[in-house]
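Each remark here refers to the structure printed beneath this line.
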Amino acid sequence: METQHSVLHPGGTDAETIAILSWIMFGGATAIFFGVAGLTLLAYVGGETMRRRIASGKFIFWGGVIFPLVTVTALLVYGLMLTGARVIASSGTALRIQVSGEQWWWRVRYPASGEAAEAVTANEMRIPVGREVEIELSSPDVIHSFWVPSLAGKVDMIPGMVNRIRLRAARPGVYRGQCAEYCGGPHAMMAFYVVALEPAQYEDWLDRQRQPAASPPLQKAGEGVFFSSGCNACHTIRGTRATGMIGPDLTHVGGRLSLAAATLPNTADAFSHWIRDNQFIKPNNRMPPFGILSNGELAALGAYLESLQ
Ligand code: CUA
């Protein structure tokens with residue numbers, strides 16, 4: 001899976017703005033670095049007149065006070081113009097998605113609309129290309145920061161508040177995101193994917209996400225292990241009696257790109273590995289390791305979860 005996770009490879013208009021500003025700053029900083037290095041060199045090897053000129057009060061006033069004042073003010077004004085335009089351009093027609101920062105994963109909700117039921121997923125959101133998306137960011141306990149470098153800037157997720165970020169993907173693709181505020185424990189393993197799809201594909205995907213899990217289950221044995229092991233105390237599988245809210249909604253977990261917030265690939269083996277060894281894979285995460293399950297039970301459980309497409 002080829003994914004982009006870089007401020008310098010923008011996949012949308014907001015990230016393009018940030019990339020332009022970044023290049024201006026890199027360019028300016030490089031020019032100033034060489035300018036200062038040149039002056040330092042002149043101070044060492046230059047003649048007496050040159051040294052006196054560099055050390056004069058007038059030179060220091062213009063080079064050390066006026067120059068930074070003018071360049072930094074110009075950069076600030078230009079930056080405000082670039083980013084300010086983005087806020088004005090956004091409208092009430094944006095698509096709304098709610099994302100909650102959990103310890104240490106992302107709860108993603110597509111609100112119910114009309115007849116369509118709410119869809120809940122985790123560690124992945126899909127969006128239509130070309131459409132403005134407004135993401136409502138919250139957190140139940142600690143501060144996280146929502147950051148998809150190739151699509152937009154960072155916005156903190158603060159308990160008791162709803163912050164908003166608007167973004168738009170210009171091209172289909174898979175864009176990696178990362179929690180950008182230290183939130184304890186396995187903060188570094190709190191990543192996610194934004195998948196930008198053509199609008200028709202996106203609608204198909206969302207329709208499917210709104211549906212409950214297949215009934216009867218495709219993997220009956222694994223479903224038995226799921227309930228007998230008490231997985232339903234923490235996880236929801238819509239359409240079954242699993243209604244736990246502590247961990248991610250697993251209704252369509254088999255269709256996601258990754259497991260454990262972009263830590264593992266999404267395969268039946270990875271599910272088994274995760275369920276048994278999750279404290280080794282992602283230390284201090286909130287899920288207990290299920291070392292008591294036999295290899296046969298783990299394989300059945302893995303096959304069941306993978307079948308939840
Ligand atoms: Cu969540 Cu860092």
Side-chain angles (χ1 to χ4, degrees), residues 1 3-12 14-15 18 22 96-111 119-127 133-167 169 174-196 209 234-236 244-250 253 256-266 270-271 273-275 277-289:
M1 177 175 31
T3 56
Q4 301 253 302
H5 178 153
S6 169
V7 174
L8 302 178
H9 290 107
D14 302 280
I18 293 169
S22 304
R96 266 176 60 234
I97 304 174
Q98 298 161 340
V99 180
S100 169
E102 306 285 329
Q103 291 179 350
W104 288 267
W105 56 281
W106 312 82
R107 193 190 298 273
V108 180
R109 284 202 181 88
Y110 291 76
V120 184
T121 181
N123 306 321
E124 185 170 311
M125 70 202 73
R126 304 206 175 192
I127 60 172
V133 181
E134 182 171 304
I135 304 174
E136 295 177 359
L137 304 168
S138 63
S139 167
D141 37 39
V142 301
I143 300 177
H144 306 268
S145 183
F146 181 93
W147 190 34
V148 196
S150 296
L151 291 180
K154 295 172 195 169
V155 175
D156 277 4
M157 312 170 93
I158 300 169
M161 280 184 72
V162 175
N163 284 341
R164 287 181 171 75
I165 188 168
R166 295 194 182 93
L167 50 84
V174 178
Y175 303 98
R176 190 174 183 277
Q178 169 72 47
C179 181
E181 176 80 38
Y182 181 67
C183 49
H187 146 79
M189 301 174 114
M190 184 171 171
F192 63 104
Y193 291 110
V194 176
V195 184
Q209 296 299 311
C234 292
H235 295 284
T236 291
M245 289 298 292
I246 296 168
D249 182 299
L250 301 178
V253 67
R256 294 178 199 156
L257 292 177
S258 72
L259 301 184
T263 303
L264 293 177
N266 190 335
F271 273 114
H273 184 29
W274 170 255
I275 292 161
D277 303 320
N278 66 70
Q279 287 300 329
F280 172 76
I281 297 164
K282 186 166 170 173
N284 297 324
N285 85 83
R286 288 281 167 91
M287 177 162 156

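First listed ligand is number 1; within each ligand, the first listed atom is number 1.
Contact annotation: Q103 places no N, O or S atom under 2.8 Å from atom 1 (Cu) of ligand 1. For atom 2 (Cu) of ligand 1, the set of nearby N, O or S atoms under 2.8 Å includes none belonging to H144.
Closest non-hydrogen pair, N284 versus Q279, comes out as N-OE1, 2.8 Å. Between A15 and A152, the shortest heavy-atom contact is CB-N, 3.9 Å.
Using cut-offs of 30° and 60° on the angle between ring planes, the pair F192 and W106 is tilted.
Taking atom 2 (Cu) of ligand 1 as reference, H187 places its N/O/S atom ND1 nearest. The nearest N/O/S atom of E181 to atom 2 (Cu) of ligand 1 is O.
The angle C179:SG - atom 1 (Cu) of ligand 1 - C183:SG amounts to 110°, with values rounded to 10 degrees.
Although no hydrogens or angles enter the test, the distance criterion places a donor-acceptor pair under 3.5 Å between the side chain of E124 and the main chain of L257.
Of the charged side-chain nitrogens involved, at least one lies within less than 4.0 Å of a carboxylate oxygen, so that R166 and E134 count as a salt-bridged pair.
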